[in-house]
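Given the structure is predicted, the values throughout are model-derived calculations rather than measurements. In what follows, every chain begins at residue 1, and chains take the letters A, B, ... in the order their sequences are listed.
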Amino acid sequence: MILSIAWKNIWRSKVRSLILIGTIAFALAGTIFILSMMDGWMKDRNIKLIETQLAHIQLHNPQFVNNMSITDTIADGASIIEEIKDMKFTQAVSGRIKVMGMVSSSYSSQGAIIEGVNSIRKDDVSKVYKYLSDSTSKWLDKVKRNNVVVIGRKMAKKLQLVNYQITDQSLQKLKDMGLPSDVLHKLATVKDKKFHTTTNFYNTLEKILTEKQFDEYSDLIADASHSYKIGHKIILRMQDTKGDVVEEAFRVIGVYNTNNDLFDGMYIFVKKSYLASLLGLGANTVNEIAIITDNQKKVETYKQAIKQKFPSLLVESIFDMDPTMRIMTSLVWVYYAIFEAFILFALSFGIVNTMLMAVMERTKELGMLMAIGMNRRRVFSMIMNESVLLTITGGILGIILGYLIVLYTGHVGINLTKYAQQGMEALGYSSIIYPTASPILLLETTILVIFTGVVAAIYPALKALKLKPAIALHTDV
Amino acid sequence: MKKLFLIILTIIMTAGLWAQDGAEIVHRAYLKMEGRSQYAQMTMIVKRPKWSRSVSMKFASQGTDYALVLITAPAKEQGQTFLMLKNQMWMYNPRVNSLIKLGPSMMSQGWMGSDYSNDELLNEGSITKDYNYKIIGNDVIDNRQCWKIELTPKPGKNIVWGKQILWIDKKDYLILRTELYDEDNYLVKTQQATDIKNMHGRIIPTKFIITPEDEPENKTILTIEDIKFDVNIPRSFFTIQNMRRGLDINFNF
């Protein structure tokens, strides 16, 4: 009864109510979108981190983490891996060999972490093969020969293993990205010319573009017109178990791109068995065992189980290895709540204002209702209901709208490449964001919206209670 | 009669030349700058668009396996020593009294900020072994007749270059110019050798300039002030004890 009266009251002043509902809806949609964007961004980073580097749990020789010395291995790696395979939470487990070394091309030499992985991709925890940059790139399992290597995009750039050529296709691509036609015209002057080093290409760009254009667009242009020198020879150099330097020529068969400069510029992948033979390691020896479990939330429990089984090894969960991951997974709801609380706090002023107006302009009417015997509790709850209904309507619309935006952008992605590629990728974040709406976020939003509606109505409702029927009846509004 | 004599002379001369193949020429040229042992005093200037620095050093080596370098200038690095034994390298800094063994990750970085890499300093010997050699023509550099010899790496060798072209002086077997190419046969960098002088009985170039093709304003210039070959260096010279003596190391051979 009170509820339906409240609902009708809301629509007695359509414009005012609609404005408030609209305000709430848009504010919430925006909040949900922004939080989902951050969520998607972090998830993307976390998934990549798990897939390419950390997995869920890692085992090492306790000495290994100090200086990555190749002598600090897990000698009976093969049997440990078999035992872990039999543990019921294990989804995938694989042994790796990691060694610090040097990579040289004709142009430069770079420090690198050389990682030996299973050459059969389904056996491996590492999913770097998912990030191969283009169709000319192959993963290690597609090639029979042993001395092959897959390097990251940033490493390819550092070793000058990238060719550049501005073609019609790249011009079209840049046009679609919204580059000014002035820049495109300038680029057309060097169309079809081949540049075989990054330095040379950038020097040319610097010459034909203005300084501002160069700063803004050079990386985009480079990205649109590059191709990797697949098949080129690079020399890997590292210390073997005896402390001697071994060097070997490898062919680059693929380039991967995880949009993380730190990783792409450091990690290169070779076949484990071949790396072991170069280093003089036994066939069963590894220096890192990586495990993917069935549930990321329970890794701490699983970690303890593994620790008990192999007390001599250092067992680390993803949360030990990347503390930000812990914050993101366990504290993310607090973060959402704080963010939303601010938005809703600001909105509540609007609600208080509207409800106060509603009470004031209906002073006479409220006086009348009281005079004919509507008790104070009912008046109070009527005002409350009006406020909550108003807020919830706006809230639901906002959540639906926000969710739709998230669904759409999560499907097509938000491309920030044009604005901030370098900065974000240097930090390990992708510059294309796919927002994801988490259920926690939607639930939290709903609860907070109702809470706001209730709190914001208290003051106007109290105001209504203070009305004296006799005086209110004689008020002219 | 005179004509016949000329023809015979030409035949003999050219036959003499034909008899030498590329490998032999490169080997002889390599030996020119190589001795059982050597001592040298030199200055390296590293030029970059925005800065340049100069390092002076004394250097002694025995074969390809033993070498010791002492930095004599600038003052900041004075007394630092580098010791190479086989394919390992140590660095000693007298100021902080610290001895560091250079790991493989540090080996290939440019040595003292130059366009030389530590690795190039250690692996020079491969120029006489790991390539196929072909004389591809004649040329003149600084009024000297030169062979142009193309070096292509033998398959399976750990060489980053697609090819090298050497200009070797016909009279004194001096490598006057080296062009280093990548696998797509693009020029990567050029080394020029000039200022040919007689150093204690050997005629050799004393100034070497390395220019990367893409960044011609980045140069490394190495000037040899003094060099002696086949000097007697006791084995005890190439030890960690000796390298710790820093500026007090006795280079009088």
Distance only, no hydrogens: is a donor on one side chain within 3.5 Å (strictly under) of an acceptor on the other, for [X] and [Y]?
X        : Y        : value
A:Thr258 : A:Asp264 : yes
A:Asn163 : A:Tyr228 : no
A:Ser104 : A:Ser109 : yes

Worksheet item: Atom CZ in B:Arg235, atom CG in B:Asn242: separation rounded to 0.5 Å?
Response: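 One gets 13.5 Å once the value is rounded to the nearest 0.5 Å.
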Worksheet item: Angle class for the A:Phe269/A:Tyr256 ring planes (parallel below 30°, perpendicular above 60°, tilted otherwise)?
Response: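 Ring orientation, 0 to 90° scale: perpendicular.
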Practice prompt. For the pair A:His60 and A:Phe64, name the ring-plane relationship: parallel under 30°, tilted 30 to 60°, perpendicular over 60°.
Written response: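 Correct class here is parallel.
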Discussion item. Report, in residue-number order, which members of residues 190-204 of chain A are under 4.5 Å from chain B by heavy-atom distance.
Written reply: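 So far as heavy atoms go, A:His196, A:Thr197, A:Thr199, A:Asn200, A:Asn203 are the residues that approach chain B to under 4.5 Å.
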Worksheet item: chain A heavy atoms under 4.5 Å from B:Glu213: which part of the residue, side chain, backbone, both or neither?
Response: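 Neither part.
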